[in-house]
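Keep in mind that the numbers below use all heavy atoms, side chains included, and drop hydrogens, waters and symmetry copies. Letters A, B, ... are given to chains in the order of the sequence lines, protein chains preceding strands, and every chain is numbered from 1.
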Amino acid sequence: MDWEREWERLNPYQREAVTDENKACLVSANVGSGKTTVLTAKILYLHEVKHVSYRYMVVLTFTNKAASEIRERLVRADPSVTPEETENFGTFHGVALGLLKKSLPVETLGYTKDFMVMEPDEELELAHALIAEKKLKIKYKNRLRKRLAEAERVSAAGDFGVAGGQDDLEILAGLLTEEKLRRNKMTFSDLMKNACLLMAKEEGEEERAANIQWVIVDEVQDCDGKQLEFIDCFMAEGAKLFAVGDPNQVIYSWRGSAFHLFYTLKTRYQAAELSLPVNYRSCNEILEAARCFQQNGGALEGIRGSGEKIVVKNHYDSFQEACYLTDRIRELQKQGIPFDEIAIFYRLQSQSKVLEDVFSKNGIPYEVAVKTGIHEIPVLEWLLRLLRFLADPADRAAAVFVLSSREYGVGISAKKAEKLAEEGWAGVCGRKEASESGSEKAAVPGLFERMVSFERNSAEIKDTNAFYEYFDLDCSLKPNAASYGDDKANVRHFLDRMFAFMNAKDLKLPEGLREFLNSAALYGTSRELLSEADGAGEACVKMMTLHASKGLEFSHVFIIGVNYGLIPLRTKGIDGEDEERRLFFVGITRARNYLELSWYTNPDTFGVMAGESRYIRMIPSELVQGQEPERQTGTASLQELRRQVQMAKENGERLEEKDVEKADGMKEMEEKTPNIESASAEILVRHETYGCGKVVEEDDTMITVEFDGYGRKEFIKAFSCLEILNGQ
DNA sequence: ACGCGAAATATTTTT
DNA sequence: TATTTCGCGT
């Protein structure tokens, strides 16, 4: 490979980081400063110049996406790398799983080598089953997942008893651990915990860990305690550390990432501190604005020069905004900006709904960045349970789910399925008594029997078709159902993936299935497991939360709802507020060329204040291209109509609109709003389900509409989806 | 089983 | 600030 060429591309700061010789080196990498480039270059440098085998490096990332990006770049620069050499390149959890499977003595903890990864939903189900079985008293059962995670963090931090549980949460946690061990399963956090535990033990460590000479970490600022400990295990064996991260992009501290992490690492390993100040991504105006939200004082230098000013806009409400964005995106597209270079960021997932509605009505192709995982597709969720049962016939909950599923099961109640599963158990244990409960079995189609006898027959099932036919899946997927086509495609695609995985690893069915499920648990959120039918294709406008925007970049970025109460979100303490600021920083630094911020005059969500967020006023005005509030054309929302009426009436009698400082702008507006009936004789509206109707009464919060055929209906204004028909 | 006041919680999400 | 849930009283 051509190391010289790679070297040429680096700036002096990047070079310094790549060649750093310290035992531990912490690189404070600013946004858009070529973090991944440095990471890849470091790996290549160690290999090419220092002659360190890839095998002696551990490369840790937070997400699968980051892991595959590094691997891709590595292969591009050095096509000779093999997957075997880079076994320890991956996510923290992936690498931990690999170590546990290959070299760590899991037996000493009571596990066997073929343990399985337990997905979060499975753990939650198990917890609920245990609560029912042991009659535990647990408060806030619907927030159990959060409470358990919290309890685990607290106990990991060593504050025993501080949790001071008023319920049986701690007992439950204990039982859960026991049960997981009994079932030979580990959750994501168990993977980290157990890997640390076993690596810290002395026996056998010299042979294994002493080989690791370098630990290379991406996005260190997101590490939690366990991940830090994992790194520490390698360090204890004499490995060197090269970690890259950005303290300004700590936006997941609510998930347990340690905020003082840079400081901790610096003192623990006397790490050298370097920085990558040069931002290659954004134009000056955007960087200038970003600096206002930087908390960690490192310099942020741009090299791109000036571009467009930042645009700040004010919309009446989110509906108006969505209409405006529709036009704006069309306009941009006419100027040659492709859809997939445009992104819209917001604080809350729920904010995407209005945009989705308006965009799909107006034919703007969009994609909401939600994790389109397996679990959101019912048929795959069902299949997954089936596979889980096949991998572990002791998993009764999985069997019950499969059989009693309304959509794909055999149409029996959960209770009956439970009973059957229990009897089936007896059947499996002592097969001779099979004829005993003949009447029960005859009533149930063959699905269950096939599930139970799968293990015996699995050797003959070598591909998707064989599997599909063995279970007569056409029968389960119900050819008459509307979703049959999609379901079948999804199932077959998933099975294809499974068999491809097994063939690639040269595994047969029973073990191969377990391996595949483990891998699906860790990498399953990626789109690869889903059918290509949905997703792939034309360029789309991307819509996502500010959190989800981290690590991405776009030419044009719109951040919407920059109001008090949303950005920043109303938070508990000062530290939470700091994180909101970092979140905003992350958002604005995604933009390469154009950034537009908008806020609502009349937010339609409770708890959100009218008026621009303090954050907008923190941006120096010379960077901002001022803009008058947009006058609405075309379809008017109810609120907009009200505004127009008000404007007409108070013509000349100017409102004190300069008084932006006031947070109670919304209240003020409502007080000054005249009753709509005094200004307009008859207003016709349309409702999604009731059709057309006439407004008969309206006050500040409620509106009453008379519909043909439905009579009078009352709506709360903030929630009503009424379209004005004669608003102009 | 139901009603009431007090208390707690809300948002972001990868593996 | 609004909604949900808990726990205690009937």
Side-chain angles (χ1 to χ4, degrees), chain A residues 60-68 90-98 100 117-123 137-147 149-150 152 166-167 186-195 218-219 221-224 226-227 230 249-257 345-352 369-376 517-526 544-551 561 564-573 576-584 586-587 603 605-609 663-664 666-667 701 716 718-719:
Chain A
L60 300 169
T61 61
F62 204 63
T63 64
N64 286 307
K65 206 177 150 212
S68 41
T91 61
F92 278 91
H93 299 265
V95 171
L97 175 67
L100 289 165
V117 176
M118 184 179 242
E119 293 190 61
D121 63 310
E122 207 183 337
E123 189 189 24
K137 280 212 172 119
I138 300 288
K139 285 178 175 180
Y140 299 106
K141 277 205 202 69
N142 49 344
R143 276 162 237 162
L144 188 58
R145 173 176 270 160
K146 263 183 188 169
R147 293 199 65 206
E150 178 72 21
E152 200 182 313
Q166 294 293 311
D167 58 5
M186 294 189 201
T187 59
F188 291 133
S189 85
D190 291 336
L191 290 173
M192 297 303 302
K193 202 166 57 189
N194 293 335
D218 185 23
E219 307 262 31
Q221 81 279 357
D222 283 337
C223 282
D224 63 16
K226 266 193 223 85
Q227 288 156 335
F230 192 58
Q249 293 191 67
V250 176
I251 57 172
Y252 286 115
S253 56
W254 49 272
R255 226 159 52 180
S257 78
F345 303 155
Y346 36 82
R347 180 62 238 260
L348 304 176
Q349 295 272 23
S350 58
Q351 288 175 268
S352 72
V370 281
K371 55 273 121 150
T372 326
I374 301 164
H375 302 290
E376 269 96 311
L517 287 180
N518 284 344
S519 131
L522 282 171
Y523 312 110
T525 40
S526 86
M544 66 193 81
T545 61
L546 285 166
H547 282 91
S549 77
K550 189 168 147 221
Y564 276 119
L566 261 182
I567 301 176
L569 196 66
R570 192 197 153 281
T571 47
K572 283 172 194 170
E577 167 89 37
D578 280 353
E579 182 139 320
E580 292 293 311
R581 217 167 90 185
R582 292 192 292 269
L583 190 57
F584 193 60
V586 168
T605 322
F606 293 123
V608 180
M609 305 296 186
D664 56 351
M666 191 165 99
K667 210 176 191 176
T701 51
I716 297 168
F719 295 120

Colleague: Using only atom types and a distance under 3.5 Å, with no angle test, would you say the side chain of A:Arg347 pairs donor to acceptor with the backbone of A:Ile567?
Modeller: no

Colleague: Take A:Leu566 and A:Gln351, measure what side chain to side chain contact (heavy atoms under 4.5 Å, CB included) needs, and give me the verdict at the end.
Modeller: CA-CA 10 Å; A:Leu566 261 182; A:Gln351 288 175 268; 3.5 Å; yes

Colleague: Please state whether the phosphate of B:dT15, meaning OP1 or OP2, lies under 4.0 angstrom from any side-chain nitrogen or oxygen of A:Asn64.
Modeller: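 For B:dT15, OP1 or OP2 has a side-chain N or O of A:Asn64 closer than 4.0 Å.
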
Colleague: Can you work out whether A:Ser189 or A:Leu583 has the more 5'-proximal nearest nucleotide on DNA chain B?
Modeller: A:Leu583

Colleague: Please state how far atom CG in A:Asp218 lies from atom P in B:dT14, giving the value in whole angstrom units.
Modeller: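 So the CG-P distance, A:Asp218 to B:dT14, works out to 16 Å.
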
Colleague: Any side-chain N or O of A:Ser350 less than 4.0 Å from the OP1 or OP2 oxygen of B:dT11?
Modeller: no

Colleague: Taking the P atom in each of C:dA2 and B:dT13, what is the distance between them to the nearest angstrom?
Modeller: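 It comes out at 26 Å once rounded to the nearest Å.
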
Colleague: Which atoms of nucleotides 4-6 of chain C (N or O only) lie under 3.5 Å from a protein N or O atom, and what are those distances?
Modeller:
residue: C:dT5; atom: OP1; partner: A:Asn142; partner atom: ND2; Å: 2.6
residue: C:dC6; atom: OP1; partner: A:Tyr140; partner atom: N; Å: 2.9

Colleague: Classify the ring geometry between A:His547 and A:Trp254 as parallel (under 30°), tilted (30 to 60°) or perpendicular (over 60°).
Modeller: perpendicular

Colleague: Determine: side-chain N/O of A:Lys550 to OP1/OP2 of B:dT13, distance under 4.0 Å, yes or no.
Modeller: no

Colleague: Look only at the side chain of A:Glu123 and the backbone of A:Thr187, and say whether a donor-acceptor pair between them is shorter than 3.5 Å.
Modeller: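 Answer holds: no.
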
Colleague: Check whether the aromatic ring of A:Phe62 stacks on the base of B:dT15, taking stacking as ring centres less than 5.5 Å apart and planes within 30° of each other.
Modeller: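 Here A:Phe62 fails the 5.5 Å or the 30° condition.
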
Colleague: Taking only side-chain N and O atoms of A:Gln227, does any of them lie within less than 4.0 angstrom of OP1 or OP2 on B:dT14?
Modeller: no

